[in-house]
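The structure displayed is predicted, hence computed values, not measured ones. Counting convention: from 1, in listed order, for ligands and their atoms alike.
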Amino acid sequence: MFGDTGSDELTLVKLGGSLITDKTQPFTPRPAVLARLAAEIHEALDTTGPLVIGHGSGSFGHVAAARYRTHEGLVGPDSVRGWAEVHDAAARLNRIVVGALLEADVPAVSVPPSAGCVAVNRRITRWELAPLRRLLDAGLVPVPYGDVVPDGAQGCAIASTEELFWYLSTAFPVRRVIMVGRVDGVLRGDGQLVQTLTANGFEELRENLVGAAGVDVTGGMLQKVEYLLALAARGVPGLILNGNVPGRLRDALLGEDVTGTVIRQTSTDA
Ligand code: IPE
């Protein structure tokens with residue numbers, strides 16, 4: 001299915017919620033963008049090796065999550081209702097994403113974190129990964145997504161796609177993580193693209209990082225970079241790129257150098 005890459009290492013791709021939805025309009029997907037990204041993934045499938053496509057929630061889950069403060073847990077009488085509504089919103093977008101991938105002939109299968117993960121204090125502590133592993137073995141493309149998960153300390157929590165990827169990196173060898181958003185990468189205060197980011201370089205940039213536009217309960221660009229630095233510290237390189245530019249995701253998946261921010265452990269590692 002995946003061609004002869006000679007590697008079992010996973011490639012993890014996140015399609016950002018602000019890229020695949022219109023964050024200014026509740027429940028509004030961007031079908032043309034999704035169709036193009038799905039086609040780009042299809043074009044690269046023979047060379048990527050095993051692939052997991054995660055995605056954010058954008059204007060689907062974030063609005064209800066902010067209303068019910070779902071990220072803070074079971075905080076009031078409406079929290080249980082909120083949990084269900086946020087999951088429903090996230091799952092609805094997931095059907096749309098999986099539909100677009102199937103339409104582009106990517107053998108995608110939904111993997112709902114709400115049914116397989118548990119967290120404690122917003123960190124996933126367990127994820128039943130046997131089904132996902134079997135899907136990969138069979139040549140399918142699992143599609144998990146930012147979702148509500150049971151949390152042993154606060155009742156429920158939002159597990160972002162970044163948190164899911166972090167957990168996956170503890171369970172599988174991961175070749176790299178690609179975050180597809182709607183900006184070219186990490187931008188300095190003067191708007192210049194940071195081409196390579198390491199833990200050392202990050203401290204001076206931190207204050208300049210711009211937060212997410214629109215409603216976002218999971219932290220925007222700053223949190224994304226922190227997760228990618230944590231992954232890099234374990235030897236998994238990350239890449240943030242702009243999915244609004246046609247071909248960029250495809251080229252990155254094909255192993256070409258593309259405009260974006262590479263996140264590495266040190267500035268000299270491969
Ligand atoms: C958020 O997931 C999940 C919910 C609010 C239900 P992510 O953090 O991965 O999503 P985006 O990219 O910010 O939308």
Side-chain angles (χ1 to χ4, degrees), residues 12-30 33-34 37 52-73 75 79-97 110-117 119 122-124 127 142-151 154-169 177-183 185 209-228 230-231 238 240-244 249:
L12 307 178
V13 177
K14 174 181 178 182
L15 305 179
S18 57
L19 173 67
I20 61 173
T21 72
D22 178 349
K23 262 189 135 173
T24 64
Q25 305 289 332
F27 298 103
T28 308
R30 296 179 71 204
V33 171
L34 264 171
L37 293 169
V52 172
I53 309 279
H55 65 83
S57 218
S59 67
F60 282 69
H62 277 289
V63 176
R67 183 185 327 131
Y68 292 103
R69 294 161 54 202
T70 308
H71 50 300
E72 295 175 35
V75 291
S79 294
V80 166
R81 171 77 201 181
W83 179 339
E85 276 187 31
V86 175
H87 164 70
D88 179 57
R92 273 196 263 166
L93 179 59
N94 180 248
R95 294 316 317 164
I96 294 171
V97 174
S110 172
V111 175
S114 52
C117 293
R122 308 179 187 190
R123 297 306 306 259
I124 295 172
W127 186 356
V143 187
Y145 51 98
D147 199 355
V148 192
V149 300
D151 187 299
Q154 58 176 45
C156 66
I158 300 284
S160 67
T161 314
E162 287 78 5
E163 176 66 13
L164 299 172
F165 282 4
W166 168 261
Y167 192 90
L168 285 180
S169 79
V177 178
I178 302 176
M179 300 287 178
V180 190
R182 57 190 185 137
V183 288
L209 284 190
V210 232
V215 185
D216 189 327
V217 299
T218 51
M221 183 62 97
L222 179 61
Q223 212 194 39
K224 215 187 303 290
V225 170
E226 284 172 339
Y227 269 103
L228 287 175
L231 283 160
I240 300 175
L241 59 78
N242 189 345
N244 273 331
L249 173 60

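- Looking at residues two or more places apart in sequence or on another chain, you find a side chain to side chain contact (heavy atoms under 4.5 Å, CB included) between Ser169 and Trp166, Val174, Leu231, Arg234.
- Distances shorter than 4.0 angstrom do not occur between any heavy atom of Glu163 and any atom of ligand 1.
- Inter-residue side-chain proximity for Thr28 and Thr21 is flagged as unmet; no heavy-atom pair is nearer than 4.5 Å.
- Close N/O approach between Ser57 and ligand 1 is found [any backbone or side-chain N/O within under 3.5 Å].
- With ligand atoms numbered from 1 in the order given, ligand 1 contributes 6 (C) to contacts under 4.0 Å with heavy atoms of Val86.
- In this structure the side chain of Pro142 reaches within 4.5 angstrom of the side chain of Val52, judged on heavy atoms.
- Close N/O approach between Asp147 and ligand 1 is not found [any backbone or side-chain N/O within under 3.5 Å].
- Here is the list of ligand 1 atoms found below 4.0 Å of a heavy atom in Gly146: 2 (O), 3 (C), 6 (C).
- Contacts between Thr161 and ligand 1, counted as non-hydrogen atom pairs separated by less than 4.0 Å, involve both the backbone and the side chain.
- With a 4.5 Å cut-off on side-chain heavy atoms, Met179 and Glu162 count as touching.
- Atoms of ligand 1 found under 4.0 Å from any heavy atom of Gly56, numbered from 1 in the order shown, are 7 (P), 9 (O), 10 (O), 11 (P), 12 (O), 14 (O).
- In His87, neither the side chain nor the backbone holds a heavy atom less than 4.0 Å from any atom of ligand 1.
- Among the atoms of Gly17, some N or O lies under 3.5 angstrom from an N or O of ligand 1.
- Below 3.5 Å of separation, one finds an N or O of Gly58 facing an N or O of ligand 1.
- Contact detail for Arg95 and Ser110: the closest heavy-atom pair is NH1-CB, 3.4 Å.
- By the side chain to side chain contact (heavy atoms under 4.5 Å, CB included) test, Val80 is found to be paired with Leu74, residues two or more places apart in sequence or in another chain being considered.
- The shortest N or O to N or O distance between Ser18 and ligand 1 is not under 3.5 Å.
- Here the shortest heavy-atom pairing between Leu19 and Arg30 reads O-NH1, 2.9 Å.
- Taking the six-membered ring where the residue is Trp, Trp127 and Tyr167 present tilted rings, their angle falling between 30° and 60°.
- Taking any N or O of His55, backbone or side chain, none lies under 3.5 Å from an N or O belonging to ligand 1.
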